[in-house]
Student: 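Once you've had a glance at the structure underneath, I'll fire off some questions.
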Number of protein chains: 4
Amino acid sequence: MIIVMARGASDADIAAVVEKIRVAGLTEHVSSGTERTIIGAVGDERVLTADMFEPMSGVERAMRVVKEYRIVSREVHPDNTVVSVRGVPIGGKTIQVIAGPSSVETPEQMAASTRSVSAAGCRLLRGGAFKPRSSPYSFQGLGVEGLEYLQQAARAAGLPVVTELTDVRLLDTFLEYDVDVIQIGARNMQNSDLLKEVGRVNKPVILTRGLSATVNEWLMAAEYIAAGGNHNIVFCERGVRGFETAYRNMLDVTAIPILKRETHLPVIVDPSHAGGKAWLVPALAKAAIAAGADGLLIDVHPNPSEAWCDADQALTPSELATLMRELAPLAEALGRTL
Amino acid sequence: MIIVMARGASDADIAAVVEKIRVAGLTEHVSSGTERTIIGAVGDERVLTADMFEPMSGVERAMRVVKEYRIVSREVHPDNTVVSVRGVPIGGKTIQVIAGPSSVETPEQMAASTRSVSAAGCRLLRGGAFKPRSSPYSFQGLGVEGLEYLQQAARAAGLPVVTELTDVRLLDTFLEYDVDVIQIGARNMQNSDLLKEVGRVNKPVILTRGLSATVNEWLMAAEYIAAGGNHNIVFCERGVRGFETAYRNMLDVTAIPILKRETHLPVIVDPSHAGGKAWLVPALAKAAIAAGADGLLIDVHPNPSEAWCDADQALTPSELATLMRELAPLAEALGRTL
Amino acid sequence: MIIVMARGASDADIAAVVEKIRVAGLTEHVSSGTERTIIGAVGDERVLTADMFEPMSGVERAMRVVKEYRIVSREVHPDNTVVSVRGVPIGGKTIQVIAGPSSVETPEQMAASTRSVSAAGCRLLRGGAFKPRSSPYSFQGLGVEGLEYLQQAARAAGLPVVTELTDVRLLDTFLEYDVDVIQIGARNMQNSDLLKEVGRVNKPVILTRGLSATVNEWLMAAEYIAAGGNHNIVFCERGVRGFETAYRNMLDVTAIPILKRETHLPVIVDPSHAGGKAWLVPALAKAAIAAGADGLLIDVHPNPSEAWCDADQALTPSELATLMRELAPLAEALGRTL
Amino acid sequence: MIIVMARGASDADIAAVVEKIRVAGLTEHVSSGTERTIIGAVGDERVLTADMFEPMSGVERAMRVVKEYRIVSREVHPDNTVVSVRGVPIGGKTIQVIAGPSSVETPEQMAASTRSVSAAGCRLLRGGAFKPRSSPYSFQGLGVEGLEYLQQAARAAGLPVVTELTDVRLLDTFLEYDVDVIQIGARNMQNSDLLKEVGRVNKPVILTRGLSATVNEWLMAAEYIAAGGNHNIVFCERGVRGFETAYRNMLDVTAIPILKRETHLPVIVDPSHAGGKAWLVPALAKAAIAAGADGLLIDVHPNPSEAWCDADQALTPSELATLMRELAPLAEALGRTL
């Protein structure tokens with residue numbers, strides 16, 4: 001922690017800051033400049049916060065030097081982590097494309113979806129049973145019945161499943177249905193009670209970035225999960241809120257290399273939710289892979305214009321197959337495989 | 001719903017849209033211009049969504065005409081709603097200032113806080129027992145023990161209490177402790193499971209705006225609560241995420257008159273969390289009142305620089321008293337009382 | 001400047017940073033912590049920039065301690081500056097409301113506008129002759145003819161005029177027409193050539209904030225003007241770009257107290273352009289004044305729905321008169337006059 | 001234009017809207033629904049604006065149907081435009097990488113920079129002679145002397161040059177020095193006087209997106225240039241302002257496919273200014289190409305840590321060479337060449 005004193009801070013002000021540093025078990029390092037005094041707190045900075053110092057008399061600003069995240073940090077774990085989902089690795093040389101419908105609708109729709117996912121060469125199936133929607137009057141997902149249809153289709157095809165958990169009370173149900181990967185959605189990225197609970201189970205977690213979460217907040221949300229003991233975390237970028245109205249959200253492609261530098265955990269991208277339009281998915285998917293993403297999460301539906309939600313963004317089975325064919329040489333050009 | 005067809009849409013494209021409108025039970029109104037055809041869907045628009053039409057061949061755009069919120073809408077309830085909290089009205093002529101510490105720490109701290117809140121003339125006490133924090137290593141609140149201290153202090157002073165609920169599993173505990181107003185925090189504004197549950201109880205709810213929620217999404221979140229039967233909802237603006245780094249969040253003062261026009265429910269403002277600095281609170285509090293807010297939510301602490309969280313933003317008891325003295329003539333100039 | 005070295009920075013890395021500090025004429029202060037070394041550069045920090053150090057080997061981050069602005073800074077000029085416009089003070093106890101039409105249209109429209117501005121008790125007239133528009137096919141302003149009509153109406157009523165300069169080649173024309181206050185619009189806030197030129201003349205300048213300018217960038221833009229010798233600068237907040245679509249721009253009311261702390265110069269607010277709707281103007285105008293603004297810039301038109309541009313946001317003469325009547329007691333409650 | 005009347009709009013309100021549509025030379029199409037009346041204006045919508053209708057009594061909203069841009073629109077010019085710069089095509093199958101130092105410093109630095117640009121296989125040289133900076137105390141560029149050094153180096157290597165024009169008064173100098181491509185920087189994207197002037201010359205223009213410009217505003221800025229007769233326009237995305245502080249600006253990769261759909265003109269990306277850090281450039285450059293960009297604009301400097309500005313973001317000559325080697329297979333995988 002660096003504490004910048006205001007011009008004209010008194011000796012007593014400086015002494016009070018020094019005292020507070022010592023009480024916290026750290027050592028001060030006082031540097032008196034021509035205009036200002038700067039005080040460094042040397043020791044385990046993690047017990048300090050800026051707002052322990054900023055309200056004090058004569059203090060202008062306090063700045064953290066060390067990052068707050070630990071377990072998820074690449075600093076403490078330099079090698080890439082590969083998260084294995086029933087043998088399917090996320091975060092290694094192979095790029096994984098997780099595909100499926102935004103919401104589970106019927107056994108037939110799931111069977112058709114799963115066939116198209118398998119046929120396109122994807123190794124993981126997604127499908128939403130519990131849908132967080134903006135309107136209480138919109139379809140909220142089939143619930144437990146949806147988990148049933150999802151697993152039926154997935155098990156028949158031998159694909160592991162990814163599905164979103166929105167309510168902490170449903171975690172046991174997810175475990176009963178043996179969901180392979182629990183997704184935490186954008187709206188729940190800072191639902192710390194939910195994060196703590198999934199931190200206690202032994203299931204891979206896809207942690208979707210909140211719509212206006214900074215990368216630092218996102219890493220701290222992962223730290224909540226990791227602190228509970230579950231280190232099988234995959235970050236999922238799905239666009240952030242911006243001022244542009246020409247598409248739904250702004251895919252933050254820069255977050256990919258930033259995360260790759262800050263954390264050892266895998267990073268995937270959801271181009272379907274980011275752009276909100278099926279025709280944008282191929283360009284965004286390619287950009288994500290080119291920027292270093294370890295995988296994609298893609299909406300596909302046997303008949304998009306009849307989908308019960310997110311109809312606008314789902315690829316048709318044939319569009320998914322085309323995209324997979326186009327991604328293969330791209331992956332190769334980047335030294336990876338699909 | 002208005003569906004704008006693309007240039008060059010075929011007759012078959014138009015017929016398909018018309019068919020979909022009819023299947024939904026509405027009537028079409030086709031208007032063929034020089035460049036484009038525009039189709040209006042006449043009837044109960046609420047069963048339609050833009051993405052039912054936008055993926056269809058030949059459709060350029062679909063636009064909703066009627067708002068999605070109903071119960072919270074001023075259109076269906078033109079008069080202001082006054083939410084009564086054990087006899088204290090929020091949303092009437094009187095401006096209510098809810099004050100207290102960000103987090104409950106000790107019985108002594110609560111007693112001192114409550115004295116300063118009462119002494120300043122405030123009629124509602126706040127205090128956090130469950131604290132959603134960015135870091136899992138930060139103080140997470142005293143939990144149930146905090147509810148205990150909060151109610152002890154509040155009952156002694158005869159003040160109703162406001163406290164934040166973060167976990168749906170704690171709702172019964174909140175009811176047992178007879179919490180007077182349940183606050184839903186910014187991070188949980190779109191936690192629909194939590195919204196549905198508080199929609200079923202008979203307690204006033206303060207619904208804090210999410211950091212990047214649009215006013216429309218905020219109204220829809222309130223609609224989730226209202227749809228469950230609980231219409232005692234108070235909106236709380238606390239700043240949104242923006243690009244500016246000179247302060248914490250950007251207080252969206254324009255949202256106040258917008259909400260006042262769109263909904264009959266009361267609107268309050270939290271200038272402490274918005275600006276994130278105690279010295280900003282008076283200016284922001286006055287701006288909020290001048291823009292038409294019905295109340296304020298203010299952090300106060302007997303000794304801010306020793307506060308266990310949000311130390312930077314808490315007023316001292318004497319600063320709160322000064323602010324209340326300054327707000328009184330302002331309220332009067334606006335035709336209200338404090 | 002504080003330079004934070006990365007974990008594992010070598011002695012040679014540290015030596016190189018120290019050398020660079022010394023070459024720039026400052027002194028280093030090295031503080032070796034348990035995890036990292038932090039180096040302070042003591043002396044005139046203004047010759048240093050973060051990017052002199054950040055690309056160096058072993059450097060994690062460099063942080064400025066002292067602000068970059070000087071002349072406009074309150075640190076070097078603690079007392080408020082009052083900018084006088086032909087005897088009308090901006091920045092003193094009196095709140096000034098500058099009103100007039102967004103664009104000058106005809107002599108008759110200007111005469112009617114000016115009458116309404118005078119009648120409402122405003123002391124400064126605005127009117128646009130050169131209009132920066134989003135579309136090249138929109139009305140671009142009457143140009144020099146507009147300056148003519150503006151001054152005719154203003155001189156007849158004895159009001160000083162404010163009008164926007166968009167093109168550096170027109171500065172002489174503005175001086176010939178004896179424009180009293182030159183406004184720099186949002187789109188030109190970082191047009192440094194224009195800023196330098198108005199920095200050389202002896203006319204008050206209203207510097208409108210750019211749509212996505214930080215407060216720091218805005219202060220630096222003012223510093224461009226001030227560095228040329230012209231210290232008669234008034235800041236004008238008119239809303240920033242955000243994600244909300246319920247209104248045009250987001251009025252950044254927090255910027256008002258921030259500016260008041262950082263600079264000695266006056267601050268006014270343009271609620272008409274911020275909200276973009278006439279019905280929002282009163283609430284935003286009151287919020288601005290309550291937050292500490294020294295004045296307002298308001299669109300008024302004899303017949304808004306026939307205005308040649310910005311029709312949506314102009315008050316009618318009677319709405320302006322009502323607003324002025326409502327602002328008077330508010331100003332008084334804040335210890336000011338209107 | 002579609003005009004949505006408010007609930008309860010009177011017959012007189014509707015008649016007034018109809019009258020205004022007719023006066024503008026269009027025909028109305030009135031559609032009376034159960035709750036609201038919707039009026040379509042059929043004919044040349046470009047003479048109408050939303051704010052001609054929105055202030056009228058009984059009008060809730062007016063919405064444009066047809067886009068405002070014409071010449072730059074793909075609707076009127078379906079085939080891709082290839083902009084030729086002294087024989088080097090931008091916008092065709094070949095991806096062009098424009099590289100060079102952010103600012104021209106000395107003949108030696110320009111010679112070394114140009115050698116590295118040529119050696120890496122780039123076909124266009126960039127270099128800044130006039131630098132728009134945030135601080136008036138920062139280096140503002142060498143000015144005309146910089147143009148001299150730039151052209152000397154470029155002509156010796158046979159490379160066309162790209163350089164930024166900030167001041168309309170310098171256009172003739174740019175023509176005298178035979179600058180090959182005029183860049184309009186982010187700060188000047190809405191400097192309409194400058195846009196109009198470069199619209200009158202016969203030189204390709206790179207139009208950089210403003211920091212908070214929507215894609216629509218950007219297209220309208222291009223329309224300003226095109227309306228003057230100059231259709232040789234290249235769009236340059238360089239990141240937009242967002243809330244994230246982990247990097248400088250947010251590269252809006254989604255804008256690439258959006259532009260490709262809306263306009264026939266080429267699109268390039270500046271990953272150096274977007275991310276603001278040299279180490280981010282490769283990932284962002286690859287993402288841009290994968291998303292469909294026609295080229296890149298990249299900062300390179302013989303010795304980045306000694307650069308007079310933007311030191312943090314410049315690649316070394318060897319990093320540029322490596323990037324070019326990595327981009328080649330990527331371009332091929334996308335069906336393009338480098």
Side-chain angles (χ1 to χ4, degrees), chain C residues 20 46 49-57 68-70 130 132-138 140 166-170 186-196 199 210-214 216-217 220-221 223-228 240-241 276-278 304-307 309-314, chain D residues 20 46 49-57 68-70 130 132-138 140 166-170 186-196 199 210-214 216-217 220-221 223-228 240-241 276-278 304-307 309-314:
Chain C
K20 199 160 201 171
R46 280 151 182 153
T49 59
D51 70 3
M52 288 172 64
F53 297 97
E54 293 195 335
M56 296 178 75
S57 167
E68 285 178 283
Y69 37 92
R70 308 175 197 186
F130 299 88
R133 305 298 299 277
S134 296
S135 168
Y137 309 120
S138 298
Q140 309 274 315
T166 60
D167 186 338
V168 76
R169 295 169 300 183
L170 286 162
R187 289 174 175 86
N188 284 302
M189 191 205 85
Q190 289 199 316
N191 181 338
S192 47
D193 299 296
L194 188 59
L195 299 176
K196 286 175 188 170
L211 262 192
S212 64
T214 61
N216 190 64
E217 288 169 339
M220 290 309 294
E223 189 79 14
Y224 260 98
I225 301 172
V240 296
R241 180 141 278 172
K277 296 283 173 194
S305 70
E306 297 302 321
C309 77
D310 291 332
D312 239 22
Q313 74 194 38
Chain D
K20 199 160 201 170
R46 282 153 180 150
T49 59
D51 70 3
M52 286 171 65
F53 296 97
E54 293 195 334
M56 295 178 75
S57 168
E68 284 179 283
Y69 37 93
R70 306 177 197 184
F130 299 89
R133 305 298 299 277
S134 296
S135 167
Y137 308 120
S138 297
Q140 310 274 314
T166 60
D167 185 338
V168 76
R169 295 169 300 182
L170 286 162
R187 290 175 174 86
N188 282 304
M189 193 205 82
Q190 289 199 315
N191 181 339
S192 47
D193 299 297
L194 188 59
L195 298 176
K196 286 174 188 171
L211 262 193
S212 65
T214 62
N216 190 64
E217 289 168 340
M220 290 309 294
E223 190 79 13
Y224 260 99
I225 300 171
V240 297
R241 180 141 279 174
K277 296 284 174 193
S305 71
E306 297 302 321
C309 77
D310 290 331
D312 239 20
Q313 73 194 40

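Convention: sequence-line order gives letters A, B, ...; per-chain numbering from 1.
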Student: Under a 4.5 Å heavy-atom cutoff, which of C/P304, C/A227, C/P132, C/S305 has the most pairs with chain D?
Tutor: C/S305

Student: Quick one: what part of D/N188 sits under 4.5 Å from any heavy atom of chain C, side chain, backbone, both or neither?
Tutor: side chain

Student: Counting only heavy atoms closer than 4.5 Å, note whether D/Y224 contacts chain C via side chain, backbone, both or neither.
Tutor: both

Student: Using non-hydrogen atoms only, which part of D/S134 is less than 4.5 Å away from chain C: side chain, backbone, both, or neither?
Tutor: both

Student: Which one, C/Q313, C/M189, C/K277, C/M220, leads in non-hydrogen pairs under 4.5 Å with chain D?
Tutor: C/M220

Student: Any ion pair linking C/E217 and D/R241 (charged N to carboxylate O, less than 4.0 Å)?
Tutor: yes

Student: Measure D/A213 against the heavy atoms of chain C and call it side chain, backbone, both or neither at under 4.5 Å.
Tutor: backbone

Student: Of all the heavy-atom pairs spanning C/D51 and D/C309, show the shortest one and how long it is.
Tutor: OD2-C, 4.4 Å

Student: Pick one of side chain, backbone, both or neither for D/T49, based on which atoms fall under 4.5 Å of a heavy atom in chain C.
Tutor: neither

Student: Name the region of C/S192, side chain, backbone, both or neither, that has any atom closer than 4.5 Å to a heavy atom of chain D.
Tutor: side chain

Student: Which heavy atom of C/N191 sits nearest a heavy atom of D/T166, and at what distance?
Tutor: OD1-O, 4.5 Å

Student: Taking all non-hydrogen atoms of both residues, which atom of C/R70 and which atom of D/Y137 are closest, and how far apart?
Tutor: NE-CE1, 3.7 Å

Student: Mind ranking D/D193, D/T214, D/L195 by heavy-atom pairs under 4.5 Å with chain C and telling me who comes out on top?
Tutor: D/D193

